[in-house]
Protein chains: 2
Amino acid sequence: MPEPMQNGAFPAPSHDHDRCVRQAVAHAEQVCADRDLRLTPIRRRVLELIWTNHQPSKAYDLLEAIRGEPFSTAPPTVYRALDFLLDAGLIHRIESLNAYVGCDARHVAGSPMFLICRGCDRVAELPGTGVGKAIGRAAKRAGFAVDQETVEISGLCGGCADDA
Amino acid sequence: MPEPMQNGAFPAPSHDHDRCVRQAVAHAEQVCADRDLRLTPIRRRVLELIWTNHQPSKAYDLLEAIRGEPFSTAPPTVYRALDFLLDAGLIHRIESLNAYVGCDARHVAGSPMFLICRGCDRVAELPGTGVGKAIGRAAKRAGFAVDQETVEISGLCGGCADDA
DNA sequence: CGGCGCGCGTTATATTATTACATTCCGTCC
DNA sequence: GGACGGAATGTAATAATATAACGCGCGCCG
C-alpha cells in the first residue's frame, strides 16, 4: 500500500518521503535495465535531486545543487540529464513553470494531467483519462490528430485551501 | 457569418485574413472602450502584429518587427504591451511555445484549449467546455480548487494531415 | 588493435524575461 | 491655467532559461 495521501493526489505532510525517493530510483533502475538505457551517476543524481520534494525543480537550481559534487556545473550537464530522464519517461516538464517533476507513474498509461498548488508549490500528477477523452472528442470534431497533450491546472490543494 | 473554416477550428488557407485582423482590432477597441482601458499605439500595434497570421508570435520577433517604427525596441516595450493584452483577454500565451496568439473569442466563456499544428505552426482556439468539466471532476476528486487551466494540444491539423 | 558511438566537459552564445529608475503624457482638481 | 498624481513609455542593465559546437575518453565490437 502506498503512503497515506490526501485524496490520492497530494502527499500528506507526514508521508514518508524517503520512500518516494527510494521507489523512484528503484523504478528508474528497473526501467533502464529493461530498456538497456544507462542510468549514469549524473542522471541518477539529477533524478534524486528532482525527487528531493514534490515541488518542481528548476534546471539552474539543480545546477546549484550539484556544486561541490564531482560533476561539471555547466548548463549542458543538467540539461542533458533532464533530456535523458524526459525521454525515459522518468520525469515530466511543467511547461507553465519551466520546471521538472518526477514522474510518479500512477497514471500508468495515457497522458497525465498536473495539479499545481500555488499555496505550497507542489505538483500532483493525475491520470488524465477523462480529460484525454474529452480532448480527443474536441480534436476529432476539429479534424485534428493529437500527438501530445499538455494539461496543467493551477489552484489550491486541499491542505492549502484549509489553511486559507 | 464568419469566414469559411475547416471544421470550425483552423482557418481555410483561402480565408480573408485581413478581416480577422480588422475584427480583432475592432473588438479590442470595443473592449477597451467598455472597460476604460487605453489601447495605446504600441498596444494596438503589437496586437496587429500578433494577428499578422495564425501562428504564435514570439516576443523578440515582435520587437524585431517594430524596428524602424517610432517605438522603443527595448524588451520592456513589447513585454508591457503583451501584459496589457493578456490582462485584457485580447491575446493568450502558449506556454509550451513561449509565444502569443490573438484571442479569437469564439470560446466566449470558460477556459479555452489550444490545438497547435506542428505542420503549419498555426494555433486554433477551441472552447474547452467538455475538457473543463472533466478537469473539474478530476480536481474535485483530488480536493483541488481550480484557478486556471492550461490545455495545449500538439498534433496535425486537417490540412497538414492531408499533405502528409 | 582500431574505429565508433555515447556520455561528458568546456566555452560560448542564443533566447526569453525582468528590475530599476528616469521621463513624458494626460486627466483632475484647485 | 497650473500643480499634482498616476499611468504609460524610454532606457540601461541584468536575470533566467536553454542550446550550439567542439573535443576528449572510454567501452564495445569487430
Side-chain angles (χ1 to χ4, degrees), chain A residues 28-29 31-33 35-47 49-50 55-88 90-101 121 150 152, chain B residues 28-29 31-33 35-50 55-88 90-101 116 121 150 152:
Chain A
E29 277 165 353
V31 164
C32 290
R35 294 196 253 157
D36 205 22
L37 299 173
R38 295 171 53 192
L39 190 63
T40 62
I42 294 184
R43 292 168 177 176
R44 170 196 298 262
R45 185 71 184 112
V46 169
L47 182 64
L49 285 168
I50 286 174
Q55 280 124 18
S57 306
K58 313 280 265 171
Y60 277 70
D61 291 345
L62 295 170
L63 263 179
E64 264 310 302
I66 58 174
R67 277 214 184 296
E69 301 184 12
F71 303 119
S72 159
T73 52
T77 300
V78 73
Y79 281 105
R80 286 194 282 232
L82 291 169
D83 285 346
F84 170 86
L85 296 168
L86 286 167
D87 285 352
L90 297 170
I91 63 173
H92 297 288
R93 177 176 160 86
I94 305 297
E95 296 292 347
S96 54
L97 299 175
N98 297 331
Y100 306 83
V101 288
D121 295 324
T150 299
E152 301 176 4
Chain B
E29 275 164 355
V31 164
C32 289
R35 293 196 253 157
D36 206 23
L37 300 174
R38 295 170 54 192
L39 190 63
T40 62
I42 294 184
R43 292 167 177 176
R44 170 194 300 259
R45 186 70 184 111
V46 169
L47 183 64
E48 279 172 11
L49 286 168
I50 286 174
Q55 279 123 18
S57 306
K58 312 279 268 171
Y60 276 70
D61 291 343
L62 295 169
L63 262 180
E64 262 312 301
I66 59 174
R67 279 219 180 293
E69 300 183 13
F71 302 119
S72 157
T73 52
T77 300
V78 74
Y79 281 105
R80 286 194 282 233
L82 291 170
D83 285 347
F84 171 86
L85 297 168
L86 286 167
D87 285 352
L90 297 170
I91 62 173
H92 297 290
R93 176 175 161 85
I94 306 297
E95 297 292 347
S96 53
L97 299 176
N98 297 330
Y100 306 82
V101 288
I116 305 169
D121 294 325
T150 299
E152 301 177 4

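So that the names make sense, note that chain A is the first sequence line, chain B the second, and so on, each numbered from 1.
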The single option from Asn98(A), Leu82(A), Thr150(A), Leu85(A) passing side-chain contact (heavy atoms from CB on, under 4.5 Å) against Arg93(A): Asn98(A)
Length of the CG-P vector between Leu39(A) and dC8(C), whole Å: 10 Å
Interatomic distance, Leu82(B) CG vs dT9(D) C1' [rounded to whole Å]: 15 Å
Reading 5' to 3' through nucleotides 14-30 of chain D, protein heavy-atom contacts under 4.0 Å coded B for base, S for sugar-phosphate only, - for none: ---BBBB----------
Separation of dA7(D) P from Arg38(B) CZ (nearest whole Å): 10 Å
Between P of dA8(D) and CG of Asp87(B), the distance in whole Å: 11 Å
Side chain to side chain contact (heavy atoms under 4.5 Å, CB included) against Ala65(B), all qualifying residues, sequence neighbours excluded: Leu49(B)
Minimum heavy-atom distance between Leu39(A) and Cys32(A), given as atom pair plus value: CB-SG, 3.9 Å
Residues forming a side chain to side chain contact (heavy atoms under 4.5 Å, CB included) with Ser96(A), sequence neighbours excluded: Ile94(A), Ile116(A), Glu152(A), Glu95(B)
Axis-to-axis angle between the two ends of the helix from dC1(C)-dG30(D) to dC30(C)-dG1(D) (five base pairs per end, rounded to 10 degrees): 20°
Heavy-atom check, side chain of Val46(A) versus side chain of Tyr100(A), under 4.5 Å: no
Distance in angstrom units between Glu64(B) CD and dT16(C) P, rounded: 12 Å
Residue pairs fulfilling side-chain hydrogen bond (donor to acceptor under 3.5 Å, both in side chains) with at least one residue in residues 78-87 of chain A, sequence neighbours excluded: none
Atom-pair distance (CG on Leu62(B); C1' on dT16(C)), nearest Å: 12 Å
Working for side chain to side chain contact (heavy atoms under 4.5 Å, CB included), residues Leu37(B) and Phe84(B): CA-CA 9 Å; Leu37(B) 300 174; Phe84(B) 171 86; 3.9 Å; yes
Whole angstrom value for the distance that separates C1' of dT24(C) from CD1 of Ile42(B): 12 Å
Nearest atoms (heavy-atom pairs only) where Leu62(B) meets Ser57(B): CD2-CB, 3.8 Å
Spacing between Asp36(B) atom CG and dT28(C) atom C1', to the nearest angstrom: 14 Å
All side chain to side chain contact (heavy atoms under 4.5 Å, CB included) counterparts of Glu64(B), not counting sequence neighbours: Arg67(B)
